[in-house]
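Read the structure below first, then the notes.
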Protein chains: 2
Amino acid sequence: MLSKSSKYAIKAVLFLALNSNDKKKVMVKDISEPINVPQAYIAKLLQKLSRQNIISSSRGRKGGFYLSDNNRKQSIMSIIEVIDGEKNFNSCMLSLKECDEDKPCPLHKTLYPFKSNIIRNLESISIKELALEVELGNAFLPL
Amino acid sequence: MLSKSSKYAIKAVLFLALNSNDKKKVMVKDISEPINVPQAYIAKLLQKLSRQNIISSSRGRKGGFYLSDNNRKQSIMSIIEVIDGEKNFNSCMLSLKECDEDKPCPLHKTLYPFKSNIIRNLESISIKELALEVELGNAFLPL
DNA sequence: ACTAAAATATGATAAAAATCATTTTTAGGA
DNA sequence: TCCTAAAAATGATTTTTATCATATTTTAGT
Ligand code: FES
Ligand code: FES
């Protein structure tokens with residue numbers, strides 16, 4: 001469904017949403033540990049996200065990663081797209097090709113509606129909203 | 001979502017549903033080609049399915065793979081379970097662990113309902129039913 | 001300016017998934 | 001009974017994904 005990498009990335013972004021802002025940057029070391037992901041690995045993912053402006057970063061002394069208010073408005077899907085390249089989601093469930101309404105595979109009819117709903121949800125839910133759920137204690141950040 | 005292997009396996013089983021029965025066995029070579037999957041690879045998958053009685057086979061001369069009437073009654077999920085080991089489906093969407101209702105991750109609330117519906121569908125739909133859709137021309141076996 | 005603390009870039013290694021190749025076993029037919 | 005065509009078993013290789021290690025910028029503070 002989601003690659004390990006996007007899972008890691010989402011966790012990291014959520015962690016940043018809860019623990020950072022433009023005044024309070026946090027460095028990889030202090031992200032990787034609580035979310036339980038190898039430091040060098042999450043660093044690479046964060047860099048990718050930063051390059052695509054999903055998250056913010058500043059380097060040098062007193063630098064670190066953080067989320068600006070604008071960053072928080074982005075969707076969860078945008079994270080996945082940057083990391084996995086969205087291919088996972090519009091591919092057909094049986095072939096290796098794209099899903100094709102006109103020539104649907106046998107599983108299309110039953111599964112596609114669900115899949116497209118999942119996509120729609122991931123596209124519409126923002127980082128900020130998800131983080132709020134955690135703050136309210138309705139959801140938990142798993143390690 | 002589904003591994004390449006389960007996709008291959010489902011295609012192969014569907015092909016057998018359409019082109020074989022206990023009187024008409026078909027050998028790997030004649031399965032792998034039309035469904036466009038490397039012969040040695042699909043052979044391995046078919047063997048696994050056969051061992052778990054999802055499909056039938058007989059060896060030696062005049063042997064081959066085929067689907068008995070009983071085989072056809074099985075669910076699509078049973079194929080996936082044999083090949084992927086079901087792990088893909090009950091794992092949490094954010095952590096590497098199992099999905100946990102009591103301590104749901106932030107994505108659980110939005111995605112789990114869809115996921116469980118997908119699972120329920122895959123469990124309830126039989127090989128025979130899917131094959132019928134193809135016979136009726138409502139669905140297509142992609143290469 | 002200089003230094004140290006940070007991200008960034010690049011490339012190497014390890015683990016997992018997919019693919020390929022070879023051998024062994026089984027059973028039908030001469 | 002012996003040969004041959006088939007699946008089954010085993011193990012090697014390749015490709016992809018995940019992980020690790022090292023060197024290079026950038027920037028705040030002195
Ligand atoms: S065509 Fe296969 S999922 Fe849509
Ligand atoms: S706890 Fe993460 S999907 Fe259910």
Side-chain angles (χ1 to χ4, degrees), chain A residues 1-12 16 20 22-33 35-67 80 82-85 87-88 91 95-96, chain B residues 1-13 16 20 22-33 35-68 80 82-85 87-88 91 95-96:
Chain A
M1 188 80 129
L2 270 70
S3 72
K4 239 172 170 180
S5 291
S6 353
K7 288 182 179 184
Y8 288 172
I10 296 173
K11 280 204 288 182
L16 284 175
S20 83
D22 43 344
K23 298 280 184 311
K24 186 182 166 205
K25 296 156 191 172
V26 16
M27 53 182 160
V28 269
K29 189 176 156 294
D30 296 328
I31 302 174
S32 72
E33 217 175 274
I35 68 172
N36 217 43
V37 174
Q39 169 170 345
Y41 192 54
I42 197 66
K44 236 179 192 170
L45 298 179
L46 290 170
Q47 282 158 25
K48 221 172 175 180
L49 291 169
S50 175
R51 247 177 286 135
Q52 307 296 321
N53 297 111
I54 307 290
I55 69 177
S56 308
S57 70
S58 70
R59 24 184 183 172
R61 235 176 188 229
K62 275 269 163 187
F65 293 96
Y66 64 100
L67 256 58
I80 300 170
V82 166
I83 302 298
D84 279 354
K87 57 184 179 308
N88 278 5
S91 75
S95 82
L96 276 12
Chain B
M1 187 80 131
L2 270 71
S3 71
K4 241 173 171 180
S5 291
S6 350
K7 287 183 179 184
Y8 287 172
I10 296 172
K11 280 204 289 182
V13 171
L16 284 175
S20 82
D22 43 344
K23 298 282 183 311
K24 186 183 169 204
K25 295 156 193 172
V26 17
M27 53 183 162
V28 267
K29 187 174 158 291
D30 295 328
I31 302 174
S32 73
E33 217 175 274
I35 67 172
N36 218 41
V37 174
Q39 170 169 344
Y41 191 54
I42 197 66
K44 235 179 193 171
L45 299 177
L46 290 171
Q47 282 158 23
K48 221 172 175 179
L49 291 169
S50 176
R51 247 176 285 137
Q52 307 295 322
N53 297 111
I54 306 290
I55 68 177
S56 308
S57 70
S58 70
R59 22 183 182 173
R61 238 178 186 225
K62 274 270 162 185
F65 293 96
Y66 64 100
L67 258 59
S68 69
I80 299 169
V82 166
I83 302 297
D84 279 354
K87 56 182 179 312
N88 277 5
S91 77
S95 81
L96 275 13

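Sequence lines set the chain letters: A, B, ... in the order given, protein chains first and strands last, and positions in each chain run from 1.
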On DNA chain D, more 5' by nearest nucleotide between A:Ser58 and A:Val37 is A:Val37

For B:Arg51 and C:dT25, what is the distance between atoms CZ and P respectively, to the nearest whole Å?
16 Å

Euclidean distance, atom CD1 of residue A:Ile42 to atom C1' of C:dT8 [Å, nearest integer]:
15 Å

Side-chain atoms of A:Val28 come closest, of C:dA7, D:dA7, D:dA18, to C:dA7

Measuring from A:Phe65:CZ to A:Leu16:CG, what's the distance to the nearest 0.5 Å?
8.5 Å

Between P on C:dT19 and CD1 on B:Ile83, what's the gap in Å once rounded to a whole number?
13 Å

With sugar-phosphate meaning primed atoms plus P, OP1 and OP2, does A:Lys44 contact a base, only sugar-phosphate, or nothing at under 4.0 Å between heavy atoms?
base

Closest to the B:Lys62 side chain, choosing from C:dG29, C:dT19, D:dA21
C:dG29

To the nearest Å, how far apart are B:Arg61 CZ and C:dT25 C1'?
16 Å

Determine whether B:Ser91 and A:Lys7 make a side-chain contact, defined as any pair of heavy atoms from C-beta on separated by less than 4.5 Å.
yes

Which of these nucleotides, C:dA21, D:dC20, C:dA18, is closest to any side-chain atom of B:Ala40?
C:dA21

Between B:Lys4 and A:Phe65, which is nearer to the 5' end of DNA chain C once each is assigned its nearest nucleotide?
A:Phe65

Could you check how far CG of A:Leu45 sits from C1' of C:dT8, rounded to whole Å?
14 Å

For B:Leu45 and B:Val37, run side chain to side chain contact (heavy atoms under 4.5 Å, CB included): C-alpha distance rounded to whole Å, both residues' side-chain angles, the deciding distance at 0.1 Å, then the answer.
CA-CA 11 Å; B:Leu45 299 177; B:Val37 174; 5.7 Å; no

Would you say the base of C:dT8 and the side-chain of A:Arg59 have a donor-acceptor pair closer than 3.5 Å?
no

Would you say D:dT17 has OP1 or OP2 under 4.0 Å from some side-chain N or O of A:Tyr41?
no

Rounded distance (Å) that lies between atom P of D:dA7 and atom CG of B:Leu16:
11 Å

To the nearest Å, give me how far apart OH (A:Tyr8) and C1' (D:dC20) are.
13 Å

Ranking C:dA21, D:dG29, C:dT8 by distance to the side chain of A:Ser57, first place goes to C:dT8

Is B:Ser50 close enough to D:dA8 that one of its side-chain N or O atoms is under 4.0 Å from OP1 or OP2 there?
yes

From NZ of B:Lys48 over to C1' of C:dA17, roughly how many Å is that when rounded to an integer?
11 Å

Side-chain contact test, heavy atoms from C-beta onward, threshold under 4.5 Å: evaluate it for B:Tyr41 versus B:Ser5 and give yes or no.
yes

Per B:Pro38 side chain, nearest of listed nucleotides C:dT19, D:dA21, D:dA18
C:dT19

Taking only the side-chain heavy atoms of B:Gln47 (C-beta and beyond), determine which of D:dA9, D:dA18, D:dG11 contains the nearest atom.
D:dA9

Can you tell if the side chain of A:Ile35 reaches within under 4.5 Å of the side chain of A:Tyr8, non-hydrogen atoms only?
no

